[in-house]
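The block underneath contains the structure these notes are about, expressed in structure tokens.
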Amino acid sequence: MTSPDPALRHALDHERAHHDLCRAALAAMVDGAREQVVTGEDVSASGADAEVLGYRLRSQAKAMRELPEGPLFFGRLDFSDGEHAGQHYHIGRLRISEHPAAPPLVVDWRAPVSRAFYQASARDPQGVAVRRRFGWAPCSRGDSADLTGLEDEHLDRAESRSESRAESRSESRSGSRTSDIVAREIERPRVGPMRDIAATIQPEQDDLVRGDLATSVCVQGAPGTGKTAVGLHRAAYLLYTHPQRIRRGGLLILGPNRTFLSYISQVLPALGETGVRQSTLLEEIARHPVTGADGGRTAVVKHDARMAEVLRRALYARVSADGVGSLAVPDGSYRWRVPAEELARILHDVRAEEPPYGVGRERVRSRVVRYVQMRAERRAGPQTNAWVRKIERSRAIGAYVDAVWPRVRPEEIVAELLTEPVVSATAAEGLLDADERKALLWAKPPRSWKSARWSAADLVLLDEVAGLIEHPEGYGHLVVDEAQDLSPMECRAIARRAAFGSLTVLGDLAQGTTPWAARSWDTALRHLGKPDAAVVPLTIGFRVPEAVVTLANRLLERLDVDVPPGRSLRGDGELRIRDAAGDLPAAVVDAVRDALTREGSVGVIAADTDVPRVRDALHTAGIAAAGPDQLGARVSLVPASVVKGLEYDHVVAVEPAAIAEAEERGLHRLYVVLTRAVSRLEVVHGRALPF
């Protein structure tokens, strides 16, 4: 990459010296953060203020200490026009300066001035004269000697050109050419967790990353378009741009499973953001451990949107004034009478307001108390607050509220619905047919809800009832990945947590593999409580090679979703179809051995039922294959059911027909499997191919 041109050698030496200066400044910043903690512990303020200050300082120091090693900048902007004319800025993953008041040695990639690094072009220079990109040795820990090359793009000339004379690779939306350095970074072999893409963000991705906090957006991303990376970088951008609002409201990353979360876990820390909650929806709603399992039919019914109304009916069936007459409230030697018709009116009015169930209970109580208070004040004048509190605590009023609006637990409602055919029939009348109601019922009813074996779908039902009783504490922003696989009931659980916040929804309808996977984003967004969210397609892939995308698009035509086919800007990949010739395990071993002659990670993906025999074949051949949770392994054997979201340099897809037949949406699962390769895909088959 390094040119023999003396001018470029001089530029590299200058940039290496600047990087050494940045490294020293960063070390001083880390030391300064430690000193601030020590000083903060001695502040003379109230105990509460000192505790808050200490927490913030310790958090800042911890974040500084946990910054991953690596190059401190990846780009530079030289401005010739506008408010920054005559200035140049190095762009990196966090701001570095020798002193808080000193000009930055490195500008954070999220700062407003940095946007030109991603958006400026020869057509629209945005005041930039030269955009410089730096090439670093693979897996560099940030040693200045690892700075191996640079490219200068002159945007203020009629035709921008690269000083490193790197061959142009592709065109972006703006019409400029993707640099050789960007292409090398995108195509770099993948070993270990997912990397950040701060150095390679494309203009279309940047538009999404820098979207407003108050705006919800849905990204329909074809394989390899970087939708997950976009979502994580959007989270990092919002944390940087709105720190106080995010701190108050909170930010949550929701992934489909722990394997996926492990894979993406290092992206935000690499961008300088630590302590962000990354979780699965099941972990967020788990009131009990999952100890039960549902059959396919039962799970489909429980995840259906109609269950929301079934549960609402079952809950509010507890609210009733039947058999309750007038109410006598003792006040010393006197008793205040509340007529039955007044009590009925109060109950009717509160029900009509549709408050959360727990709020409704207290509204009934407070309105009965208010009625008694008004009677008392007409008779004896204004009453004291102590008198009002005494009436509120009256046993008569408490007993009345418990009778007409009883206190309940979500477990009681759900267990009764899943145990009692009469309750199920009443709550589901006109919503579920007889077969669906039967599918809901537990095969072996527990003695009580306390001994119930709750399934994953049951936890979703429990969360729905809990949300009807009392709204859960929400977040300021949620990033929801693989959202196409969420059921309507799961979407509602997320909507309750984003009632006063915004969402970044990431997914691909073509990769929907659950029985309840979304067929359209309009429906999913309605259940998520954000019907007006814009759906933005990402169709240009930067990671999956063209040959692989072309094969996947052939399968896409057979899927029942309306999404645009993907395109790839990478022509360097390889696709091979290998006929097993009657010995599938031997063919898989040969394919893995071929992959091991090349650089990068190898993912062997098979139908879940085929994994044991593939593992045995690899073991017999002396090839150690790790599981999907063991990040960084050279060879991983991955069941098709958990491969979503993962990437490997080389993928060996074993018996596509078996993958397609393994489940109801098996063709969608196969589409996922075929698009996990970022360099080379080898399809090993003994049966006819489904595409």
Side-chain angles (χ1 to χ4, degrees), residues 118-119 172-173 197 201-235 237-238 251-256 281 305 475-499 501-514 516-544 549 552-553 556-557 559-568 644-645 665 668 671-672 675:
Y118 304 106
Q119 297 282 353
S172 69
R173 178 191 66 186
I197 62 166
I201 292 173
Q202 301 300 301
E204 297 87 350
Q205 296 171 324
D206 186 66
D207 290 339
L208 293 166
V209 167
R210 296 176 190 264
D212 185 75
L213 171 61
T215 303
S216 293
V217 64
C218 174
V219 181
Q220 161 57 45
T225 54
K227 56 184 175 294
T228 296
V230 164
L232 293 172
H233 285 67
R234 175 161 164 73
Y237 174 79
L238 294 176
L251 189 147
L252 174 64
I253 309 292
L254 279 180
L281 178 60
Y475 289 87
H477 190 80
L478 290 86
V479 177
V480 186
D481 210 341
E482 301 295 349
Q484 76 281 344
D485 278 331
L486 295 169
S487 72
M489 294 297 288
E490 289 173 323
C491 287
R492 290 177 59 85
I494 294 171
R496 286 188 286 276
R497 289 156 175 81
S502 54
L503 294 175
T504 297
V505 181
L506 311 168
D508 178 9
L509 296 178
Q511 297 185 55
T513 54
T514 58
W516 42 79
R519 265 68 172 182
S520 78
W521 285 120
D522 288 344
T523 302
L525 290 171
R526 187 173 70 252
H527 290 309
L528 285 166
K530 307 296 179 185
D532 298 327
V535 179
V536 182
L538 287 180
T539 59
I540 300 176
F542 305 95
R543 287 170 171 75
V544 181
V549 171
N553 283 340
L556 180 64
E557 296 172 358
L559 307 183
D560 57 342
V561 290
D562 182 17
V563 298
R567 294 187 294 141
S568 176
K644 190 172 295 181
R665 293 173 66 87
H668 293 258
Y671 181 83
V672 173
T675 53

Non-hydrogen atoms of [X] and [Y] that approach each other most closely:
| X | Y | result |
| --- | --- | --- |
| Ala222 | Lys227 | O-NZ, 3.8 Å |
| Thr539 | Thr225 | C-CG2, 3.7 Å |
| Gly224 | Val544 | CA-CG2, 3.6 Å |
| Leu525 | Ala533 | CD1-O, 3.8 Å |
| Gly211 | Leu238 | O-CD2, 3.9 Å |
| Ser502 | His477 | OG-ND1, 2.7 Å |

List for me each residue that meets side-chain contact (heavy atoms from CB on, under 4.5 Å) alongside [X], sequence neighbours excluded, and say none if there are none.
| X | value |
| --- | --- |
| Pro531 | none |
| Ala495 | none |
| Val672 | Gln511, Thr513, Val643, Lys644, Arg676 |

Would you compute the distance between atom [atom1] of [X] and atom [atom2] of [Y] and round it to the nearest 0.5 angstrom?
| X | Y | atom1 | atom2 | answer |
| --- | --- | --- | --- | --- |
| Gln484 | Arg519 | CD | CZ | 12.0 Å |
| Arg665 | Asp485 | CZ | CG | 8.0 Å |
| Ile494 | Leu486 | CD1 | CG | 4.5 Å |
| Thr504 | Leu478 | OG1 | CG | 9.0 Å |
| Glu490 | Leu254 | CD | CG | 10.5 Å |
| Tyr237 | Leu208 | OH | CG | 12.5 Å |

Quick one: does [X]'s side chain get under 4.5 Å of [Y]'s, heavy atoms only?
| X | Y | result |
| --- | --- | --- |
| Val561 | His668 | yes |
| Leu232 | Val479 | no |
| Tyr118 | Arg210 | yes |
| Val535 | Cys218 | yes |
| Val536 | Asp207 | no |

Backbone N/O of Ala493 and side chain of Arg497: donor-acceptor pair under 3.5 Å
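It does hold such a pair.
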Using distance alone, with no hydrogens and no angle criterion, decide if Asp206 and His233 have a side-chain donor and acceptor under 3.5 Å apart.
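No, no side-chain donor-acceptor pair sits under 3.5 Å.
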Under the salt bridge (Lys or Arg N to Asp or Glu O under 4.0 Å) test, residues paired with Arg234 that sit two or more places apart:
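Once residues adjacent in sequence are excluded, Arg234 has no partner under the salt bridge (Lys or Arg N to Asp or Glu O under 4.0 Å) criterion.
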Ile197 and Gln205: side-chain contact (heavy atoms from CB on, under 4.5 Å), yes or no, with the steps?
CA-CA 10 Å; Ile197 62 166; Gln205 296 171 324; 4.0 Å; yes
Filter on side chain to side chain donor-acceptor pair (under 3.5 Å), then keep only pairs touching residues 524-536, sequence neighbours left out; what's left?
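Every pair satisfying side chain to side chain donor-acceptor pair (under 3.5 Å) with a residue in residues 524-536: there are none.
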Among pairs that include at least one residue of residues 211-220, which meet side chain to side chain donor-acceptor pair (under 3.5 Å), considering only residues two or more places apart or in two chains?
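Every side chain to side chain donor-acceptor pair (under 3.5 Å) pair that includes a residue of residues 211-220, provided the two are not neighbours, is Gln220-Asp508, Gln220-Trp521.
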